[in-house]
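Proteins come first, then strands; the chains are lettered A, B, ... in the order of their sequence lines, and each starts at number 1. Not measured: the values here are computed from a predicted model.
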2 protein chains.
Amino acid sequence: MARKTGSHSEITGPKVRAVALALFARHGYAAVSMRQIAAKVGVQAGALYLYTADKQSLLFELMRSHMETLLNAWAQQDLADSPQDQLEQFTRFHIRFHLDRTEAVFVSYMELRNLTADNFAIIEGLRKRYEEVLENILITGQANRVFDVPDTKLATLAVIAMLTGVNTWYRDGGRLSADKIEAIYGGMVRQAVGLPDQA
Amino acid sequence: MARKTGSHSEITGPKVRAVALALFARHGYAAVSMRQIAAKVGVQAGALYLYTADKQSLLFELMRSHMETLLNAWAQQDLADSPQDQLEQFTRFHIRFHLDRTEAVFVSYMELRNLTADNFAIIEGLRKRYEEVLENILITGQANRVFDVPDTKLATLAVIAMLTGVNTWYRDGGRLSADKIEAIYGGMVRQAVGLPDQA
DNA sequence: GTCTATAGAAAGATAGAC
DNA sequence: GTCTATCTTTCTATAGAC
């Protein structure tokens, strides 16, 4: 019952995905060859097809996994009581989660057009579920008259774009710590939805 | 002195760039072949090299041209007097300009990693010059105590990310007109920098 | 499970005819 | 100015040995 010696599928499989993620993030899906991935993993190109049906499946699996990890991570949050606190919670959660996975975020935003139509539809569905998390917070706060948001749909997209934008310039060891950035963005988001400067 | 009949460099050259822009925007730089571009232009692949030194130069020229058009368009604006009005002017200008050139915007943000190091540095320089336009407005408004912006650098990046994000979801004939979108985003930006709901 | 070998297609770019 | 033809390289994916 012992597994055959030399079998490394539990190691090599994840390594293939990790290497592919790094290379896709740096050079782009279309610019990366299966040979490049194989070389970095330390196997021959043909061996990759033991771990993925093809290059497209490799990309899709990376994106699907990223989106589901995101949704699961939010689902495990202990949701705050008031819409104001939920908004701050979401802001900090979003920035932190995305700064912790810059490669997956980059690939998930940049490589959408390289998905097949079917795969694209699945990823889009997951992305919309995440947007609904924020929109529901805004809708509740608007109904309670604590927010001033003329269009919750646009505000959702505006806030998410603003927060995800941090990934385009943040670098470890830069001028501001992640915590400080969360605080500053938290303040800007509060003001953007019409809350006073401090609760 | 008459130009040789059958010479079309003034027509074909721009057409090559227009076709390349459309294809790069849709499929990505790395995924588009010179043969595909040539087929859409209506020439053979070899003929493209009469209008561009290579594929990289074609990409760079599209991005450089886009950024310089952007900077020139802003330079020709009649600048408003107060920081508040300048901020609204910038918001409307940015959304309008970017919605009018979705392909160039897409390529200029997505294909940065496919530029050579030298070309990347040039494009980055142009992008920073544009960011300074907004940051200078925020700095002035902050100095005059009409804005409440704890960090003008972060606020600059946050506002630009928010505004450019419109391009990811806007479609002609959608729920909201460009003018309405400008108004709603104008309001959110005002609030984000600490201005009251209406001037 | 990984290898070598290779099929088969397509890429960027150039040469030289017209 | 555009063409055909081609050089050279590289690609994804598969077949079959071990």
Whole-Å distance separating the [atom1] atom of [X] from the [atom2] atom of [N]:
X: B:Tyr49; N: C:dG16; atom1: OH; atom2: C1'; result: 17 Å
X: B:Arg35; N: D:dC11; atom1: CZ; atom2: C1'; result: 13 Å
X: B:His27; N: C:dA11; atom1: NE2; atom2: P; result: 12 Å
X: B:Leu50; N: C:dA13; atom1: CG; atom2: C1'; result: 12 Å
X: A:Asp54; N: D:dC11; atom1: CG; atom2: P; result: 17 Å
X: B:Gln56; N: C:dA11; atom1: CD; atom2: P; result: 19 Å
X: A:Lys55; N: D:dT14; atom1: NZ; atom2: C1'; result: 17 Å
X: B:Leu48; N: D:dT4; atom1: CG; atom2: C1'; result: 15 Å

Once you measure the plane-to-plane angle for B:Phe93 and B:Phe90, does it fall in the parallel (<30°), tilted (30-60°) or perpendicular (>60°) bin?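 Tilted.
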Angle between ring planes, A:His66 versus A:His98, binned at 30° and 60°: parallel, tilted or perpendicular? perpendicular
Run the salt-bridge test on A:Glu111 and B:Arg113 with the 4.0 Å N-O cut-off and return the result as yes or no. yes
Which nucleotide in the set [options] lies at the smallest distance from any side-chain heavy atom of [X]?
X: B:Ala47; options: C:dG1, D:dC3, C:dC3; answer: D:dC3
X: B:Met34; options: D:dG1, C:dG12, D:dC3; answer: C:dG12
X: B:Gln44; options: D:dT6, D:dC3, D:dA13; answer: D:dC3

Examine D:dC11: is either OP1 or OP2 under 4.0 Å from a nitrogen or oxygen in the side chain of A:Ser33? Give yes or no.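 Indeed, a polar side-chain atom of A:Ser33 lies that close.
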Contact class for B:Val41 vs. all strands (heavy atom < 4.0 Å): base, sugar-phosphate, or nothing? nothing
Take a 6.0 Å sphere around NZ of B:Lys153 and say whether it holds more than 12 heavy atoms from other residues, nucleotides or ligands.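 Yes - once you tally the heavy atoms of other residues, nucleotides and ligands closer than 6.0 Å, there are more than 12.
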